[in-house]
Amino acid sequence: MKQIFSLLALFSLILFSCSRQVSQDTIPTSLDGKWRMMIVKDNASGASITKPSSIPGEVDIIFTSTNSTNGFFTGNTPTNEIWQSDYAVTPARLITIPAVSMTKVMETSWGNEFVTNITNSQEYGFETGGLLHIKTSTKTLTFLRL
């Protein structure tokens with residue numbers, strides 16, 4: 001009985017000492033997956049804004065590729081649902097989002113940052129820590145992979 005208890009204790013110690021953590025050095029390689037908007041930066045001034053704490057909800061999008069150059073995304077803003085909306089990419093990491101299909105109910109200032117800028121997307125890139133940057137001519141939207 002003592003041996004079984006000892007083996008069980010040892011197994012539990014090994015099991016709980018292991019953890020699955022994503023390394024902060026990880027750089028995403030694909031748009032596919034769920035992303036949360038974290039920062040919107042003005043490209044000219046460098047000024048950044050984040051979601052005001054007074055706004056409940058998030059801007060979350062889920063990219064789903066259909067082939068190597070096209071796909072769609074869905075998601076939500078703090079007050080609206082984003083329906084299936086198309087995107088296209090190139091190997092040079094250019095991105096085109098012609099339109100966003102979504103409900104349109106009294107959008108928050110944070111949701112407006114997304115809606116106003118995402119259809120002007122020109123290029124995208126990835127950064128260490130699971131970050132995605134989508135750049136327009138005037139703003140850069142930064143997302144965190146969830």
Side-chain angles (χ1 to χ4, degrees), residues 7-146:
L7 283 173
L8 184 60
L10 180 61
F11 178 74
S12 297
L13 180 63
I14 292 170
L15 179 66
F16 291 114
S17 67
C18 298
S19 65
R20 287 187 66 211
Q21 292 182 337
V22 176
S23 169
Q24 290 301 317
D25 297 332
T26 302
I27 298 176
T29 57
S30 167
L31 286 173
D32 285 345
K34 187 172 184 177
W35 301 89
R36 176 166 292 159
M37 191 168 79
M38 305 302 289
I39 300 169
V40 177
K41 183 176 98 175
D42 184 279
N43 295 337
S45 70
S48 296
I49 62 168
T50 58
K51 182 177 81 86
S53 59
S54 61
I55 296 176
E58 303 289 345
V59 173
D60 290 336
I61 56 176
I62 302 169
F63 282 104
T64 304
S65 60
T66 53
N67 59 47
S68 63
T69 59
N70 294 293
F72 63 89
F73 67 95
T74 58
N76 59 269
T77 66
T79 54
N80 288 289
E81 293 296 316
I82 300 167
W83 302 316
Q84 188 169 314
S85 301
D86 295 330
Y87 74 89
V89 294
T90 70
R93 295 213 170 150
L94 301 179
I95 185 168
T96 304
I97 298 174
V100 177
S101 299
M102 63 186 292
T103 58
K104 294 181 170 92
V105 179
M106 296 185 57
E107 192 59 76
T108 65
S109 60
W110 186 240
N112 273 330
E113 288 291 340
F114 172 79
V115 173
T116 303
N117 292 296
I118 199 68
T119 55
N120 298 315
S121 299
Q122 296 177 341
E123 60 186 82
Y124 70 99
F126 299 110
E127 187 179 324
T128 302
L131 297 178
L132 163 66
H133 301 288
I134 298 179
K135 189 173 183 178
T136 74
S137 60
T138 59
K139 304 276 178 106
T140 300
L141 286 64
T142 299
F143 295 82
L144 176 66
R145 184 185 290 278
L146 299 178

Rounded to the nearest 0.5 Å, what's the gap from [atom1] on [X] to [atom2] on [Y]? Could you check?
| X | Y | atom1 | atom2 | value |
| --- | --- | --- | --- | --- |
| Leu94 | Ser121 | CG | OG | 11.5 Å |
| Met102 | Glu107 | CE | CD | 5.0 Å |
| Ile95 | Thr136 | CD1 | OG1 | 12.0 Å |
| Ile62 | Asn76 | CD1 | CG | 8.0 Å |
| Thr50 | Met37 | OG1 | CE | 10.0 Å |

Phe114: ring pair (Phe, Tyr, Trp, His ring centres under 6.0 Å) partners, not counting sequence neighbours:
none

Considering all heavy atoms, the nearest [X]-[Y] contact:
| X | Y | value |
| --- | --- | --- |
| Phe73 | Ile82 | CE1-CG2, 3.9 Å |
| Pro28 | Gly130 | CG-CA, 3.6 Å |
| Val59 | Pro78 | CG2-CD, 3.7 Å |

Check for a donor-acceptor pair, side chain of [X] on one end and backbone N or O of [Y] on the other, with a separation under 3.5 Å.
| X | Y | value |
| --- | --- | --- |
| Ser85 | Trp83 | yes |
| Ser30 | Asp32 | yes |
| Asn80 | Lys104 | yes |
| Ser65 | Gly71 | no |

Any pair with a residue in residues 124-146 that passes ring-ring contact (aromatic ring centres under 6.0 Å, His included), sequence neighbours left out, goes on the list, sorted by first then second residue, please.
Tyr124-Phe126

Side-chain contact test, heavy atoms from C-beta onward, threshold under 4.5 Å: evaluate it for [X] versus [Y] and give yes or no.
| X | Y | answer |
| --- | --- | --- |
| Thr142 | Lys41 | no |
| Trp110 | Thr77 | no |
| Val115 | Val100 | no |
| Thr128 | Ile27 | yes |
| Arg36 | Leu146 | yes |

Quick one: do Ser109 and Ile55 satisfy side chain to side chain contact (heavy atoms under 4.5 Å, CB included)? Show the steps, please.
CA-CA 9 Å; Ser109 60; Ile55 296 176; 3.5 Å; yes

Report the residue from Val40, Ile39, Ile61, Leu132 that forms a side chain to side chain contact (heavy atoms under 4.5 Å, CB included) with Leu141.
Val40

Just to verify, what does Thr140 make a side chain to side chain donor-acceptor pair (under 3.5 Å) with, not counting sequence neighbours?
Asn43

Those residues at least two apart in sequence (or on a different chain) that pass salt bridge (Lys or Arg N to Asp or Glu O under 4.0 Å) with Glu113 are Lys139

Those residues that, when tested against Lys135, pass salt bridge (Lys or Arg N to Asp or Glu O under 4.0 Å) (two or more places apart):
none

Less than 3.5 Å apart, any donor N or O on the side chain of Gln84 or Thr74 sitting next to an acceptor on the other?
no

Going through the checks in order, is the side chain to side chain contact (heavy atoms under 4.5 Å, CB included) test met by Thr138 and Asn117?
CA-CA 9 Å; Thr138 59; Asn117 292 296; 4.3 Å; yes

Under the salt bridge (Lys or Arg N to Asp or Glu O under 4.0 Å) definition, can you give me all pairs with a residue in residues 71-100, not counting sequence neighbours?
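Counting only pairs at least two positions apart or across chains, no salt bridge (Lys or Arg N to Asp or Glu O under 4.0 Å) contact touches residues 71-100.
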
